[in-house]
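The structure appears right after this line, and notes come after that.
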Amino acid sequence: MDKKHLIITSITLGVIAASSALLIGVTNLITKDKISQNEKEKIVSGIKAIFGNESKIKEESPINESIFAGEYKYINYVYTISDNSDVLIGYAFKTSGSNNFGKITMLVGYTSTKIYKSVYMISDEQTFASTLEDEYVTKITDNPDYQDVDVHCGATYGATLVKEMIDEVKGAVNK
Amino acid sequence: MNIFISFILAILSSMLIDNVVLSRFYGICPFLGVSKKVNSSFGMGLAVTFVIILATLICWPLYNYVLLPAGIQYLDTVAYILVIASLVQLVGLFIKKFSPSLYKSLGIYLPLITTNCAVLGVAQSNTDQGLTFLNSIANAVGTSLGFLLIIVVFSTIRVRLESANTPKAFKGLPIALITAAIMAIALMGLQGLFQGLI
Amino acid sequence: MKRNKGYTKANFLKGILIENPLFVSILGTCPALATTKSIEAAIGMGLLFTFVLICSNILVSLLRKLIPEEVRTPAYIVIIATFVTIVKMLTQAFLPELYSTLGVFISLIVVNCIVLGRAEAYASKNNVFDSLIDALGMGLGYMVALFTMAFFRELLGTGGFTFGKIFTFIPTYKLQIIPKGYEIKLFQNPAGAFIVFGLILATIACIKNRKEAYKAYLDKQEKIRKAQEAKNVGGNK
Amino acid sequence: MTQTGYIILAISILVGLLIIFIVSFVLYRKTPLPKGCEDMKMSEEKCTSCPNNSCAFHKKEEDKE
């Protein structure tokens, strides 16, 4: 391959790569804050699903800066929830964990009187996500005695992971 | 011990229950165009298995140790397609240079693998699902074995389909699709088998 | 096709009817079987696919004289991958519901046989306007094909059509045609996708056979009539 | 390593990947076929349906026409 031809090819490919990088960068600038805003909205709608429509986030902090600080495997964020007249009604813990079928991120809601309120699934990319959703998660939402819901439900590994997360949150709340 | 069991279960589940062709629909293009000869489809299956496992070995660390700390996860698809395409070319180069016999059996399929949806599908879903390294290897091994199994079984059935007297309109692809549907129903039954475990 | 007046119209209609990418040249079957669980997902997938196809066809035909012959495919793969990443980011931001429903299949457009095929077969040989029309035709044809698949799968699978679940700006509305307990759940499963796709291909093949048989019948009639006339002319002389 | 350091590292790795891909693509096209495989034929119908025009067997199709 003669020299000149090689240079032309590498220049054109370089221009294509640079222009595509530029295009991606520009779209990223446009969509970056919108995506994080979407995530925020998802959490707010989750909290509304757990604590009712008039609940709102009073303050939020990573777990280790909040009053529940400690050594946790799943919990990474905690939200204190209050209703419209700023009365504390409970806490929502954002937990995320994964097993060999995928990652689960969810919100676990506890009332201020340390009773398990409900669970909201933010993102469930497990392979058997739909079976987990129908067979287990719907059974433990708004069901105080989630302990005796059977874990063998066609998505056993996913269900045990969800249960471990709730138990860890229970430990944190009762601290 | 528990790790080993869950590793085997992950391979079994992505091989049989959540089969890549019949329930997740990655890799239908080669599945429909599979040729009648069993050894050629076996050759294609082996080539795809080799590329899937190699691709996962490279794509997973690339995502978690290069893209994630840099915060540019949205470039994952570009990175994966580059890795897979260059893998196919390098493997082809290697086979062409060093083993003509292997090239004779596998060489035909190498250009097809870049447009094979299963390879990129597995690499992309491994990181989208946030699997750990061990689990994504298990998923890759299970998926490629499942792909190999289904391709070989389907090519044997397709040989029988030629001699069956199907109605004129169903000749060729439509009857192959109906048999694939019956195979998918059979695999759906397997999900009950692992009800307690998976 | 030489550049006569109806070229652009034929070029556009080719994608939808004569060379429909899914039902005639059987390309891009992976997303077609997977994302046609509901009409909205199918239309969403069709829109994203058409957007990527149009952008990549335009850019490919713009650069067709610049890119040297032997590095054509890598350059096309890079261009298509860029547009797919852009589409993925846009859907994640503006249509999050569609993004979570389609999941991996948005990034699978990169390996979609149609996009690379059209880029190499058509866009690299024709000017920008023709490639744009070709991309529009192909994209619309693919969306129509996805829509028909999704129409049958959702009607039979869930007994009706739900709107507003994925495109959240439409008011949610559920049209129930088949009464609640009588729908066939199989069509929502993967096996149903194979059945619907197989049956549609069979009907197309049947129509084609029927047409050919009819034409053959007409030719036979024609031949018999000509033979008749030849005999009469021979007789009167 | 700061955030921008990671970004530069990631982008350089991606550019490296792109270069490896292009170089291997060109080399794959250049290396001659091994001795015994010149006349390898793909089954006819499969070759036409696959759109990968740059694949070696398509070249043979076009030369024939």
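In what follows, every chain begins at residue 1, and chains take the letters A, B, ... in the order their sequences are listed. All of these numbers come straight from a predicted model, not from anything done at the bench.
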Quiz item: Which value, rounded to the nearest 0.5 Å, describes the distance between D/Tyr6 atom OH and B/Leu67 atom CG?
Solution: 12.5 Å
Quiz item: What residue in B/Val88, B/Leu82, B/Val66 has the most heavy-atom pairs under 4.5 Å with chain D?
Solution: B/Leu82
Self-check item: Min side-chain heavy-atom separation B/Val78-D/Leu18 under 4.5 Å
Solution: no
Self-check item: CD1-CD distance between D/Ile22 and B/Gln89, expressed to the nearest 0.5 angstrom
Solution: 11.5 Å
Quiz item: Side chain, backbone, both or neither: which part of B/Leu62 has a heavy atom under 4.5 Å from chain D?
Solution: side chain
Quiz item: Is a side-chain N or O of D/Gln3 found less than 3.5 angstrom from the main chain of B/Ala70, in a donor-acceptor match?
Solution: yes
Quiz item: Hey, what do you get for CZ (D/Phe21) to CG (B/Leu87), rounding to the nearest 0.5 Å?
Solution: 11.0 Å
Self-check item: CZ (B/Phe50) with more than 12 external heavy atoms under 6.0 Å
Solution: no
Quiz prompt | Which atom of D/Leu17 lies closest to which atom of B/Ala79, heavy atoms considered | solution = CD1-O, 4.2 Å
Exercise. Let me know if D/Leu14 has heavy atoms under 4.5 Å from chain B in its side chain, its backbone, both or neither.
Key: both
Self-check item: Value rounded to 0.5 Å, distance of CZ in D/Phe25 from CG in B/Leu90
Solution: 12.5 Å
Exercise. Check whether B/Leu93 gets within reach of chain D through its side chain, its backbone, both or neither, counting any heavy atom under 4.5 Å.
Key: both
Quiz prompt | Within 6.0 angstrom of B/Phe94 CZ, more than 12 heavy atoms from elsewhere | solution = no
